[in-house]
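Letters go in sequence order (proteins before strands), and every chain restarts at 1.
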Amino acid sequence: MKYPEFKQPLNYAQVGTDILKWWQENGIFEKSVSSREGQPTFVFYEGPPSANGAPGIHHVMARTVKDIFCRYQTLLGKQVPRKGGWDTHGLPIELQVEKELGITKEDIGKKISIEDYNQRCRETVMRFKAQWDDLTQKMGYWVDLDDPYITFKPEYIESCWALLKKLYDKGLLYKGYTIQPYSPAAGTGLSSHELNQPGTYHDVKDTTIVAQFKVTREEASEKLFAAATDEAPVYIMAWTTTPWTLAANTGLAVGKNIRYVLVRTFNPYTHAPIHVVLAKDLVSRYFSEKGATTSLEEYQAGDKVLPWRLEGEFVGSDLVGIHYERLFGQDQGFPAFEGEERAFRVIVGDFVTTEDGTGIVHISPTFGADDFRAAQLADIPALLVPDADGKLGPIVDRTGRYVPQMGEFGGRWVKNYDGHDQSGADYKTLDESIAIKMRKAGTAFKTEKYEHTYPHCWRTDKPVLYYPLDSWFIKTTAVKDRLIELNKTINWKPESTGTGRFGNWLENLVDWNLSRSRYWGTPLPIWRTQDGTEEICIGSIAELKVEIEKAIAAEIMTHSPLGEGDKLDLHRPYVDDIFLVSPSGQPMYRETDLIDVWFDSGAMPYAQWHYPIENAEKFQKNFPADYIAEGVDQTRGWFFTLHALAVMLEDSVAYKNVIANGLVLDKNGEKMSKSKGNAVDPFATLAQFGPDATRWYMIVNAPPWDNLKFDPTGVTEVQRRFFGTLFNTYSFYALYANLDEYSYDAASAVPAAERSELDRWVLSKLQSLLLEVRGHYDSYDPTKAARAIQDFVTDQLSNWYVRLSRRRFWKGELTADKRAAFDTLYECLYAVGQLMAPIAPFFAEWLYQNLMEAQTTGEKVESVHLTLLQEARTELIDAALEERMELAQRISSLTHSLRKKSVLKVRQPLQRILVPVLNESTREQVGKVEDLICAEVNVKHVEFLDDTSGVLVKSVKPNFKRLGQQYGPKLKVVGARIQQMTPEEITQLEKLGSLSVEAEGEAYTLTTDDVEIRTQDLPGWLVATDGPLTVALDVTLTEELRQEGVARELVNRLQNLRKDSGLEVQDKIRVTLGNQQPELTAAVQSFGDYIRTETQALALDFAADVNGGAVLEFDDYNVPVRLEVATS
RNA sequence: GGGCUUGUAGCUCAGGUGGUUAGAGCGCUACACUGAUAAUGUAGAGGUCCGUGGUUCGAGUCCACGCAGGCCCA
């Protein structure tokens, strides 16, 4: 068998489709899992995509990252099951359906039944599944598409229920409230999506108040009173644009590091002497410069200038814990409330700024999300009052008016939600009434109308209220410490996402709000009695059936609405039609909420196996994951829900290693979007470049966690530079191996020790590469792995090893040396194929199959993806060899550069180069690669020059690192002195190992370690230097050299002619040259053997008349030539 | 507004623990090479290392404050 040879250029897309077909026909993916049966498992979790939209190029990126490490672990011999999955619930699907039907959420249950609506969602959600499957296969992402988990299936939902029940039994599931945007006029909560609709934010003019909160004198506040110079009371000032919330105030928030001042002044309305506390930066906003010098004693009511004095300065943390008096207390007819003794304290708020207001924020936990959160952290209660049924609620009811207990303001609308007439001259809004009351009471420092933007309900156009709404929560805060602790054991790539974005999120954790008021999702499996006193959490279908039977027996239902078999559906509206019976005989109704879709995806480690209902063993074997990967935008999404559920349910991490990959942007760094028209079509990209170049480009260009600027020209470059070079290298190998009918056989390969210097060098490099690339894959850094492979292939293997070895491959018979060359190149190609297989799986397979094609001995593994990645043979790593080869490369490069300067082409042989050496080891090292250098730069000898020659001019360079440590500030003086060293001084330093010098009046003793001595020049020679290396070229041309140059030129032209005539490499020829040029004739006669060997000429003759031939032109020659194929 | 992140040649990116003259590939220009040839070599042009301060004998690197892009969250 022969190694397949290919025409150029190779069609990479075709390689992709051919290999894909072959994989499918031979079940290679399945075998990559089944062949590892019994081996340790590498657990991977697929973050489920949603198939309701077409996949984009960023999915190719994300899935390449996932695929790489699964394939790599398979190469290490592990079994890597990869169950696919689909995320099928969620708002985007609902919105898409609504858009297509031209309806809104309001219409559900009216224009369309919940049943029909959900049916529509179910149909929509898999609409693009075929496209996704197609992309998955074409890009070479190996994942089990035949048996995926699907989140809307009854089994999946049942698992979610079982998990929720576990949490419920642990007391981690509770009903509470959060602050959400709410439209009293519409009577409904608003999603952030609704709030972000155009036109919802208007400019409105509101009454604003700078309120004064009177500080209680006690230990915590003593520093304020100590700073005060008189007995005037101390107030903390806070600004609000919603005065109606002041009646619900229970706290004040300061910035921890903000500076505050105590100011002695007067209340502008009552003129009473007071102290106020506010942020230092904002003093000028309330007090004029003039007031600072106006007399306090002479202040009188009606004075335009308010006198003031600074009396103390504090930071926010000094103020924390200070108590103050309630603004609207029970003494004024306002209601008492639970937890009052813990309220009215100064706390820290991370949202406090000195941009506006006073730098102190009034906190009403019922009417602000920040307020709610800060209050919860500081254990500040909310002001809640009982309604007619005794149920606790905020001081504003759901229609937008104060509850009756609110004293003189009871029943007032907080905003104009009922559309009442506000035009009367004596009409006052609630905010205005409050302002008037506070001015009279001396608790308002300033009241004014202020224009600002405020969100409005998109349907009623009335202002939105931030309002506490009932929700079900998972008490993640109860396990916060454990979440943080276990997070530290996760290997995050990049690390900063784990410690920063994710770590901070955990540090500021709030309970997980599970509730969604939607239709298409996993229903909350909790049934409650009307009064909420009795409830049940259902953990399985079986359990539900039992409860249904009970309810039927209690005549609460007549029959079970739960379908059977294929009809079984746990979605709304069916579950809503189930009514259960409580132990006391009351009917129970399902809590109508659905749960957050992120619970669905976070539950996938369990629900994908229908655990804990069944498959306990399967679950245990596949938990936790060794590795997951997803976009960084999932940090608070999937990454969090996986982690939270694992910690709460299993007291374990859910994943040990995680890559949070960045975005794919267009080539200008702009976000891709369909509307901008800069979105890259993944199918077109794969069709154009093939999957391997696309994947390789994405990985090699930037680490996955950086954003990728996707530029198709970059893919072209990868294709040319890396794949093109590798293809050429293989083609070169195949061409000559076939000519010699060589095929690799590990058993009879030439022992490494008997191979040439160059062979051993590239093998040494290869072993280093194996170690390095394994290391990068092991630490989940595919970019460094790809770069190392690419550098090896293009720079070391192709551009040095193959280039310098070419003659060995085509010269003569299949000798041991030639065999060694084939063995070496084969081993490199094979290893490269394995190493690149995770990133470029199709091309690696192509390469592997080609290499296997000619193999006649030994066991043939069917696919590169079924092989075991070879171990690095560290005994082949030879540091000294690698070092001297680098010397050879650098010396060659310098020599080329000298030829260039002297205009001496490489084809012209030269006598020698001179290399100064300052130590014996360099001489030895270079000596071993002398032949390589000579061949590469076409010179006859390398000559070494040492000190004894007396012609070397040395220079000296200060070793700043060492000198800096030793002399510190004196470094400049010493450094300058070193650069002025005379040749005699250098010689002395070398001989004695130290030298005393004087600089700026001080004496220093230098040692050889303080400087680097290098040769720099050879007087009378043309030299080139590269760091410590110096090379001189002898440009003297002898007659013999000149003749050899001519011979080489002639060989070159004849080779070109052979090629142009379409001759095969192995064809023999007869050559006849014109004899008109004596110099040429002489050269041919001197170097006849050489020319005949090189051109495979059996005969090389001269004739006066060469007819019918071409004319060779070079240098000053024009030679008629006739070339015939020799038949024997 | 907050958290995280990025900013180095026209483009894409390297630059442990600070060391004086900041690199690579691509692209560009010139020359050379030619049985791997849509390859290769050599040379050249191209830099405010985002800015401003600071620490230091010395800062692309460390610190502070900003600016710009990105993501997430308010």
Side-chain angles (χ1 to χ4, degrees), chain A residues 8-9 192 350-353 355 368-370 373 494 496-505 507-508 631-637 660 662-663 665 667-671 697 700-703 705-711 713-714 716-718 720-722 724-725 727-733 735-736 783-784 787 790-791 794-795 798-799 802-803 806-807 809-810 892-901 903-907 936-938 957-965 967-975 1024 1051-1056 1058-1060 1063-1066 1094-1096:
Chain A
Q8 229 174 352
S192 58
D350 55 12
F351 48 84
V352 180
T353 68
E355 294 289 303
D370 276 341
R373 198 163 44 82
S496 59
T497 300
T499 53
R501 192 182 283 206
F502 196 65
N504 291 344
W505 163 250
E507 294 286 349
N508 297 307
V632 68
D633 53 338
Q634 294 294 330
T635 306
R636 295 174 182 194
L663 266 69
L665 308 170
K667 64 176 177 180
N668 300 318
E670 306 227 19
K671 209 174 162 179
Y697 164 73
V700 84
N701 190 61
W705 40 88
D706 281 354
N707 289 346
L708 172 70
K709 291 180 198 164
F710 188 91
D711 185 354
T713 60
T716 314
E717 189 186 322
V718 158
R720 261 209 353 260
R721 181 157 181 76
F722 176 61
T725 304
F727 169 78
N728 276 337
T729 306
Y730 166 77
S731 297
F732 176 86
Y733 171 81
L735 174 67
Y736 293 109
T783 303
K784 285 191 172 155
R787 286 176 180 172
Q790 182 164 311
D791 288 348
T794 57
D795 296 346
S798 168
N799 211 5
V802 173
R803 198 156 55 82
R806 277 177 296 182
R807 298 186 69 83
F809 287 93
W810 76 61
S892 298
S893 178
L894 289 171
T895 310
H896 279 304
S897 147
L898 289 170
R899 275 183 175 274
K900 157 85 182 160
K901 277 184 202 149
V903 200
L904 284 163
K905 44 188 161 187
V906 180
R907 222 177 280 131
E936 170 66 7
V937 301
N938 197 16
K957 183 178 173 264
N959 180 345
F960 287 101
K961 191 164 183 172
R962 195 182 147 83
L963 291 168
Q965 282 158 2
Y967 297 112
K970 298 268 164 63
L971 175 131
K972 274 183 182 152
V973 180
V974 182
V1051 167
N1052 165 245
R1053 301 309 140 120
L1054 287 172
Q1055 299 286 35
N1056 286 348
R1058 279 183 59 119
K1059 201 175 171 195
D1060 294 343
L1063 269 59
E1064 295 297 325
V1065 176
Q1066 66 273 27
E1094 287 297 309
T1095 59
Q1096 303 187 69

Which nucleotides of nucleotides 9-15 of chain B have their base under 4.0 Å from a protein heavy atom (B), which only their sugar-phosphate (S), and which neither (-), written as one string 5' to 3'? ---SSS-

Complementary nucleotide of rC26(B), counting Watson-Crick and G-U pairs under 3.5 Å: rG10(B)

T729(A) vs rA36(B): side-chain N/O to OP1/OP2 distance below 4.0 Å: no

What's the gap between rU61(B) and rU56(B) when it is taken at their C1' atoms, as a whole Å value? 13 Å

Taking atom C1' in both rG19(B) and rC62(B), compute the distance separating them and give it to the nearest angstrom. 14 Å

What interatomic distance, in whole Å, is found between C1' of rU55(B) and the corresponding atom of rG10(B)? 36 Å

In whole Å, I'd like the distance from the CG atom of L663(A) to the P atom of rU6(B). 15 Å

side-chain hydrogen bond (donor to acceptor under 3.5 Å, both in side chains) partners of N707(A), counting only residues at least two apart: none

Pairs under 3.5 Å (N/O, protein and nucleotides 72-74 of chain B):
from    : atom 1 : to      : atom 2 : distance (Å)
rC72(B) : O4'    : R501(A) : NH1    : 3.4
rC73(B) : O4'    : R636(A) : NH1    : 3.2

Under the side chain to side chain contact (heavy atoms under 4.5 Å, CB included) rule, collect the residues that match up with R721(A), sequence neighbours excluded. T794(A), D795(A)

Using the P atom in both, what is the distance from rA32(B) to rU8(B), to the nearest Å? 37 Å

Set of side-chain hydrogen bond (donor to acceptor under 3.5 Å, both in side chains) partners for N959(A), sequence neighbours left out: none

Say you pick atom P in rA45(B) and the same atom in rC50(B); how far apart are they, in whole Å? 23 Å

At less than 4.0 Å, is any side-chain N or O atom of R962(A) found next to OP1 or OP2 of rG19(B)? Yes or no. no

OP1, OP2 of rG27(B) versus side-chain N and O of R720(A): anything below 4.0 Å? yes

Quick one: is rA36(B) close enough that its OP1 or OP2 comes under 4.0 Å of any side-chain N or O from R806(A)? yes

Go through the N and O atoms of the side chain of T725(A) and the base of rA39(B), and report whether any donor-acceptor pair is under 3.5 Å. no

With sugar-phosphate taken as primed atoms, P, OP1 and OP2 and all else as base, the protein-contact string of nucleotides 61-67 of chain B at under 4.0 Å (heavy atoms; B, S, -) is -------

Output field: ring centroids F710(A)/Y697(A) closer than 6.0 Å: yes

Could you measure between the two P atoms, the one in rG27(B) and the one in rA64(B), and give it in whole Å? 42 Å

Distance between the C1' atoms of rA22(B) and rG47(B), in whole angstroms? 9 Å

